[in-house]
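In this text, all values refer to a predicted model and were calculated from it rather than measured experimentally. In what follows, chains are A, B, ... by sequence order, proteins preceding strands, each numbered from 1.
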Amino acid sequence: MAQQGPTSPVPVPTAQDAHQPAPKPVREGIDLIVNDKRYRHTGDKAMPLLWYLRDVLRLTGAKYGCDQGDCGFCTVIVDGKAVASCQTKMEKLSGKRVTTVEGLADKDGKLHPVQQAWIDEDAIMCGFCQPGQIMAAVDLLSRQKNPSDADIDKIGNLCRCGSYGRIRKAIKRAADTLKKDGKA
Amino acid sequence: MSGEIRLSRRRFLKYAAGAAGALVIGIGSVDAAERPVPLALLGDTWKQVGPYLRVAADGRVFIGVRDPDNGEGTATSLARIIAEEMDADWSRVVVEPLGLGVTVDNDKAKFLYGHQRSGDATSIPAAWADLRQAGALARWLLLQAAARRLGVPADQLRGEAGMAIAADGRRISYADLASTAAEIEAPATPPPLKAAERYQLIGQPAGDVDAHAVVTGSLAYACDDNIGDPVIAVLARCPYPGGTLDQADRDAASRLPGVHAVIDLTPEQGQPAGLAAQAPAIVVLASDTWTALSARAALKATWKPGPNVEPSAGTLEQQALNLFGDEQATPITVRNDGDVLATRKKAARALEATYVQPWVAHATAETPNCIVRLDPDTSITVIAATQAPLQVYSVVQRMTGLKPDQIDIRVPRGGGGFGRRLEADYVAEAVAIALAKKPDTIRNRPIKVMWTREDDLAHDYYRPMAVHRLNASLDKKKNIIGWHQRMASPSALVNRNVPDNRLWQSELVPDALPAGLVPNFRSDWYPLSSQLQRGEWRGSPHVTPTFASESFIDELAHSLKANPLDFRLALLGDARQLAYNGRGGPIDTGRLANVLKLAADKLDWSRWLRSENGLGIACAYVFGAYVAHAIEVAPTQDGVDILRVVVAADVGRVINPKGLEAQLQGATMDALSTALSLAITVKDGKVQQTGLRDYALSPTQPMPNEVETIIVPSTAEPAGASVVGVPSAAPALANAVFRATAVRVRRLPLLRELARLR
Ligand code: FES
Ligand code: FES
């Protein structure tokens, strides 16, 4: 579907290529890398990463679903590990590297095997939980080449639409692809 | 050039040449057709033609989908219905969600697109009735154009995957034909629809059209939209129905950096439920959600209950039991065949059971939210996930007084609906805040209202709690000769402009089985009163009564030492049609028996008697669809483990089997996890649940890895799918649990009750 990203008339904080040296600090803040771009957060240090991503960076792939770390809709990857971004305060993120669902496909838009597996298994229903599910699966597959059903259950992300069966199949399909690609 | 054909007195198709050589087709409805609009003036604007379809000269086919998609798969299935009929190349189809189609005609609102509603199993049947015509017209025009170009009669051409193909094999793409097609004169009557044998897309599995956008995070749900840099609004709402503010520290909230204003919101009085804000509230307006949430916490708002304290469900349950025992009580009798009371007196045997079901919430994945951009003199834009765009429109129009063509309602894909988004309270909040007096700095900024999960659980339109008492009379030959069901519940139609004698309509279905199968049958409904907001929940009038009736049938079978499958099949009897005064009828008992048998076979029902595990079965008829669940459970130390779940469904012609399978699986999971563990409870006058810890939508345990589905091939009229998988799941589970544990659970949630009884 021809979907437009959220409109954002306010200037998004300047991003710089992460391979360039960091600029001299102009204002106190928390420096972090999100999807390979550098950012400096100068607001409330207690702000959860979820709201920084959604409201400040306008990266709205990570979703809100609860306030207690229970649903997993907000899952992103920080320094290689899945976290609930609603439970991760900005003050903990200095120097960290964050990957959101928007940063998963490669530069020319080729989908990550997990994303592709989600499409191939038609795992989405309303779709709202799925960016979080996908990030949790990427994390699992980075640790487990052959995840068992129990490993998958342990993810514990909620799907209100009940797409668990297809999510499970998608994870296994992605595991196969990753093995074939030798990426895992 | 352009044209128009009548489909009926109230509906018509229009087509016109679009920009850049496109052909544009739309369905119009009602009054305006009395005076045909000069189509040449309409140009290419989607909104004005009410288009469903646009064949572009570059080969793409744009299909506008009118019904909202909150996870029901509507965007995919509606588009495929149209694409099929025109023989489009599916790989070149681009699906666009249409917002509300409204324009102004003689100072009155005129709705352009016909049916615009989702989640109550009406989208597909409505689309089947009219959207196919748009596709058929497109094909007809394109083939006429091809006939001219190729110099052969149009009836010797056929369409296939975006091509017009002649008998001799010559072919022209639709893209090349689009502009010529727009010049063809309209046929006198609607072109014939395609024969089902030629279907290429309908009945074939298709993935969701939004899948790519979802997995890349680029799909913008309403909460992801930031149109015009909105101010974020978070509300502290009174948790007591009818309650008021005690105190709040507005200064503490206002002082936080990033807070723009703290204002009060009083719901409009005298509006029907679902069309106005629910509760008095203090609104925090801030630069971002986190600041707004922090400021709301800083308010430390406390609230007082109103004069009538909302009773607990236990109190309501006692009231129901008192009503059932009160000879003087006057229920509404919704169906009465023969004489159940006289039958009971002469029965060889009678059985009675009472079933209690709690309040439950929708807990949609995406919590309610809404963006409003208002220019008080000229226009309003509303972005909201909804299942009922017209409902949203009526709220917006009433509150702003703007003209229909000044109101732009956009309906992005929603993160779940289940009936919650039939209500427009969150829209009313956003509009009220947009209209409220605010500091100059933010006066013209859009408003985005965000609900937290706690807000959502405390201010839902809950599925009503319900108490059922069922009584059956049996003759000497073990036939059921009398069936008396009494139901008491707080109706979801109270305060919705529905007369008192119709309030049962949201609660039960008079002709639901076993009505029509038992000679003496009576169904009574008793109103309970509550101040909690109530609403529709995934076909709820089919859901709570079916838990009671299908559990009770199992109890009867058990008391007669009968196999519950055979007992049900015997009760259904020979295949025949039963009168059904409602959507989808009549009931075909043969189709119901068929899904029962299919589900049972798949679970290997022959094990029923000797298996250590419990096998349970139940069936239902839902809006023209037939469904049965067969479930196997094993007892565990502290409950049960659900080993296998089979669902068999006959929904008539299947548009997208992949989508239907997902709907059946999802609905089954929802129904089971709700029955196992979920309840909204009221204590000290307010809802107790505040998050997913205490309203635990358990993801996996004790659920099976997979819900096995059987889809019955059929050429019957297609029925909707999104609610079909709900009603028979919970009773099949309870029936299986009984076989596994010998404990009959008559009160939900099941796990809690099972633990209490064991
Ligand atoms: S939003 Fe629910 S876990 Fe973060
Ligand atoms: S797809 Fe709707 S919540 Fe998972």
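Options Cys223(B), Gly414(B), Gly73(B), Gly691(B) differ in how many heavy-atom pairs under 4.5 Å they form with chain A, and the most are formed by Cys223(B). Counting heavy-atom pairs closer than 4.5 Å to chain B, the top residue among Thr100(A), Asp122(A), Asp67(A) is Asp122(A). Contact count versus chain B (heavy atoms, under 4.5 Å) is highest, among Lys169(A), Gln116(A), Met47(A), for Met47(A).
In this view, Thr88(A) satisfies the side chain to side chain donor-acceptor pair (under 3.5 Å) rule with no residue, not counting sequence neighbours. In this structure Arg80(B) satisfies the side chain to side chain donor-acceptor pair (under 3.5 Å) test with no other residue, sequence neighbours excluded. Residues forming a side chain to side chain contact (heavy atoms under 4.5 Å, CB included) with Thr441(B) (at least two apart in sequence, or on another chain): Pro439(B).
Interatomic distance, Cys159(A) SG to Met669(B) CE, rounded to the nearest 0.5 Å: 8.5 Å. Between the OG1 atom of Thr60(A) and the CG atom of Asp224(B) there is a distance of 3.5 Å, given to the nearest 0.5 Å. With rounding to the nearest 0.5 Å, the separation of CD1 in Ile119(A) from OG1 in Thr216(B) is 7.5 Å. Asp456(B) contributes atom CG, which lies 11.5 Å from atom SG of Cys66(A) (distance to the nearest 0.5 angstrom). Once rounded to the nearest 0.5 Å, the distance linking CD of Glu72(B) with SG of Cys161(A) reads 8.5 Å. The line from CG of Asp55(A) to CD1 of Ile232(B) is 5.0 Å long, rounded to the nearest 0.5 Å.
Minimum interatomic distance between Glu661(B) and Arg166(A) (heavy atoms only, all atoms of both residues): OE1-NH2, 2.6 Å. Listed here is the closest heavy atom pair of Ala211(B) and Ile124(A): CA-CD1, 3.7 Å. Minimum interatomic distance between Tyr164(A) and Leu697(B) (heavy atoms only, all atoms of both residues): OH-O, 4.4 Å. Taking both residues in full, the closest heavy atoms of Trp290(B) and Asp44(A) are given as NE1-OD2, 2.9 Å, listed atom of the first, atom of the second, then distance.
The part of Phe73(A) that comes within reach of chain B is its side chain, from C-beta onward, which places non-hydrogen atoms under 4.5 angstrom from that chain. Contact of Ala46(A) with chain B is made through backbone and side chain together, with heavy-atom distances under 4.5 Å. Proximity to chain A (any heavy atom under 4.5 Å) is shown, for Thr289(B), by both the backbone and the side chain. If you measure heavy-atom distances from Ala79(B) to chain A, you find no contacts under 4.5 Å at all. With a 4.5 angstrom heavy-atom cutoff, Leu50(A) does not touch chain B via any of its atoms. Proximity to chain A is limited to the backbone of Asn70(B), based on heavy atoms less than 4.5 angstrom apart.
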Would you please test Leu293(B) and Trp51(A) for side-chain contact (heavy atoms from CB on, under 4.5 Å) and show each step? CA-CA 11 Å; Leu293(B) 290 170; Trp51(A) 299 117; 4.0 Å; yes
Gln115(A)/His212(B) under side-chain contact (heavy atoms from CB on, under 4.5 Å): CA gap, chis, key distance, verdict: CA-CA 8 Å; Gln115(A) 292 171 307; His212(B) 189 275; over 6 Å; no
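Arg54(A) has no carboxylate O lying under 4.0 Å from a charged side-chain N of Asp288(B), or vice versa, which leaves the two without a salt bridge. The existence of a salt bridge linking Glu706(B) and Arg168(A) is excluded, since no basic side-chain nitrogen approaches an acidic carboxylate oxygen closer than 4.0 Å. Ion pairing between Asp670(B) and Arg160(A) holds under the 4.0 Å rule for side-chain N and carboxylate O. We find that Arg58(A) and Asp229(B) are joined by a salt bridge, their nearest charged nitrogen and carboxylate oxygen being less than 4.0 Å apart.
Within 6.0 Å of NZ in Lys172(A) there are more than 12 heavy atoms belonging to other residues, nucleotides or ligands.
Contacts of residues 126-136 of chain A with chain B at a heavy-atom distance below 4.5 Å involve Cys126(A), Gly127(A), Phe128(A), Gln130(A), Pro131(A), Ile134(A), listed in sequence order.
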